[in-house]
**Student:** 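This is the structure, below, for whatever I ask next.
Chain A is the first sequence line, chain B the second, and so forth, proteins listed ahead of strands; every chain is numbered from 1.
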There are 2 protein chains.
Amino acid sequence: MKDINTEQAILNAAITIFQKKGMAGARMQEIADEAHINKAMLHYYFRNKQQLFEAVLMSAFQKLAPQMNIIFASEIDVFEKIRKFTAGYIDFMLENPYLPLFIIHELKHNPDFVKKIMLHPNKPDPKPLIIQFEKEIKAGRIKDIPPKQIVLNLFSLTIFPFVGDTLFKIVLDIEDKDYHKMIQERKTLIAEQLISSISA
Amino acid sequence: MKDINTEQAILNAAITIFQKKGMAGARMQEIADEAHINKAMLHYYFRNKQQLFEAVLMSAFQKLAPQMNIIFASEIDVFEKIRKFTAGYIDFMLENPYLPLFIIHELKHNPDFVKKIMLHPNKPDPKPLIIQFEKEIKAGRIKDIPPKQIVLNLFSLTIFPFVGDTLFKIVLDIEDKDYHKMIQERKTLIAEQLISSISA
DNA sequence: ACATTTGTTAACCATTTGGTTAAACCATAC
DNA sequence: GTATGGTTTAACCAAATGGTTAACAAATGT
């Protein structure tokens, strides 16, 4: 049984191609070529394009979630948690630059898939962080802002520069190299920005 | 000559379909149906799919830019400008919810088109705002943070909640209706957050 | 050793899709 | 009125694409 190798090779190739071209833009033949196997194998292991795609999207989502939860669930000070998250997540995205836009785009175009994810056990869960915010608000250490809004801000500041990089490079009239420097700078900058925006 | 009407009808239909399905996912027949015309007309007016798509993407981009520039170029106080931008832009996106993700996604998948836009006169231009930031920093009224980073934050906080709405609804475990409320709340919230994060 | 299951391949198929064409339509100019 | 030009339509076409099949190879169990 060498099926385990082949199946993984298909999945890896599919991840690469789907992330780059999206569900609609990807071609089965292209995925087969990327995996150096016969196209029929794709159907042998994953039945059809839709199911292969869903396996890829699910695996992409699975990759996101743990990365978040490790930090969200750790037992550290709120501010320190924010710092850990921004720095850690930026590093993670530097290694997986296609991931966030891929997930966001395909999630929006596959509403049925959203339901499947909702039922899945391994979701990103910011609840521990939200509870910490609530405590800090009660203690008067941070401003009375809806905690979910703070999380939304945290996500936006961290993730959007990767999702919208092409647009930003145009609007800010900036080269790839300089943009990369800005991203590096953000690893510490946005945590401090966010903290000072919520500190009481 | 009723060609002007037909051409516009095609463009409108194409905008609708391309925004919903993307370049790769859209079908010429679907666009023709949406416009209630014969498919051959698409080719009569726009030659082929690529050119029709580029016309759509350009028009979408043209829609974004003025909306930004009006606010960026106006002669008002920096903080007031931030408030105007967030509120105004959120309203704009509530009316065009597909626009930002469409532009970002297609820009990333059509690198050649990026060059075309760079040459185009009507680009979003945050330079007036950046100059204001620089002045305020020199005057010691706001912290010494790279102005482009502030603009990046402003964009992220404003636009990302629309781009990533599907993901957020999953992560924050929130219904459409409540998410809409959060967005409304953000119209004033994020301006104040951003301002307090940069105030000296 | 041999039968059976599992994995792999090349050739093939039906449908979809972007694009074309030739004829028809229709407004306007003469 | 009818010739002329742009506009619209239905039918058509070739290529691409997702998916299938039947034969072949390689393990696996007995």
**Student:** Are any of A:Arg27's side-chain N or O atoms less than 4.0 Å away from OP1 or OP2 of D:dG18?
**Tutor:**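 So the side-chain polar atoms of A:Arg27 do come within 4.0 Å of the phosphate oxygens OP1 or OP2 of D:dG18, strictly under.
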
**Student:** Return the value, rounded to whole Å, for the distance between atom CD of A:Gln50 and atom C1' of D:dT17.
**Tutor:**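 The answer, rounded to whole Å, is 16 Å.
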
**Student:** Please report the distance, rounded to the nearest Å, between NZ in B:Lys39 and P in D:dC13.
**Tutor:**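 The distance from NZ of B:Lys39 to P of D:dC13 comes to 14 Å, rounded to the nearest Å.
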
**Student:** Determine, using ring centers only, whether A:Tyr98 and A:Phe18 are less than 6.0 Å apart.
**Tutor:**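 So the answer is no for these two rings.
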
**Student:** Identify, with sequence neighbours excluded, every residue that meets side-chain hydrogen bond (donor to acceptor under 3.5 Å, both in side chains) alongside A:Ser196.
**Tutor:**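 Partners of A:Ser196 by the side-chain hydrogen bond (donor to acceptor under 3.5 Å, both in side chains) criterion, ordered by chain and then number, come out as B:Lys143.
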
**Student:** Quick one: is A:Tyr44 getting a side-chain N or O under 4.0 Å of the D:dG19 phosphate, OP1 or OP2?
**Tutor:**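 Indeed not, no polar side-chain atom of A:Tyr44 lies that close.
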
**Student:** Within this structure, what is the CG-to-P distance between A:Asn48 and D:dG19, rounded to whole angstrom?
**Tutor:**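 Taking CG of A:Asn48 and P of D:dG19, I get 5 Å after rounding.
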
**Student:** Using a cut-off of less than 4.0 Å, is there contact between a side-chain N or O of B:Thr6 and OP1 or OP2 of D:dT8?
**Tutor:**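 Yes, B:Thr6 has a side-chain N/O under 4.0 Å of OP1/OP2 on D:dT8.
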
**Student:** Heavy atoms under 4.0 Å, any strand shown: does A:Met41 hit a base, just sugar-phosphate, or nothing?
**Tutor:**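 Base, at least one base atom sits under 4.0 Å.
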
**Student:** Tell me the interatomic distance from B:Phe46, atom CZ, to D:dT7, atom C1', rounded to whole angstroms.
**Tutor:**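 Going from CZ in B:Phe46 over to C1' in D:dT7 covers 15 Å.
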
**Student:** So what does A:Ala32 touch, heavy atoms closer than 4.0 Å: a base, only the sugar-phosphate, or nothing?
**Tutor:**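 A:Ala32: no heavy atom of the nucleic acid under 4.0 Å.
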
**Student:** Nearest whole angstrom, please: distance from the P of C:dG18 to the CZ of B:Phe53.
**Tutor:**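 Nearest whole value for this atom pair: 13 Å.
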
**Student:** Are A:Phe160 and A:Phe168, when compared by the centres of their aromatic rings, separated by less than 6.0 Å?
**Tutor:**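 Yes.
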
**Student:** Does a donor on one side chain sit under 3.5 Å from an acceptor on the other, for A:Asn153 and A:Gln149?
**Tutor:**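 On atom types as modelled, these side chains do not qualify, holding no pair under 3.5 Å.
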
**Student:** So, B:Phe72 versus B:Phe85, ring centres under 6.0 angstrom or not?
**Tutor:**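 Yes; B:Phe85 has its ring centre under 6.0 Å from that of B:Phe72.
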
**Student:** Rounding to a whole Å, what distance do you find between B:Lys49:NZ and C:dT17:P?
**Tutor:**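 Taking NZ of B:Lys49 and P of C:dT17, I get 9 Å after rounding.
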
**Student:** Once you round it to whole Å, what is the distance between P of D:dT20 and CG of A:Asn38?
**Tutor:**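 Distance check: A:Asn38 CG to D:dT20 P gives 14 Å.
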
**Student:** Between atom CD1 in B:Ile10 and atom P in D:dT9, what is the gap in whole Å?
**Tutor:**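 It is 10 Å, rounded to the nearest whole Å.
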
**Student:** Nearest to the side chain of A:Met28 - C:dA10, C:dG18, D:dG18?
**Tutor:**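 For the A:Met28 side chain, the nearest candidate turns out to be D:dG18.
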
**Student:** How would you label the contact of B:Ala24 with the nucleic acid (heavy atoms, under 4.0 Å): base, sugar-phosphate, or nothing?
**Tutor:**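 Nothing, no heavy atom under 4.0 Å.
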
**Student:** For A:Gln29 and for A:Ala40, find the nucleotide of DNA chain D with the closest heavy atom, then tell me which residue's nucleotide is more 5'.
**Tutor:**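 Going by which nucleotide is closer to the 5' end, it is A:Gln29.
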
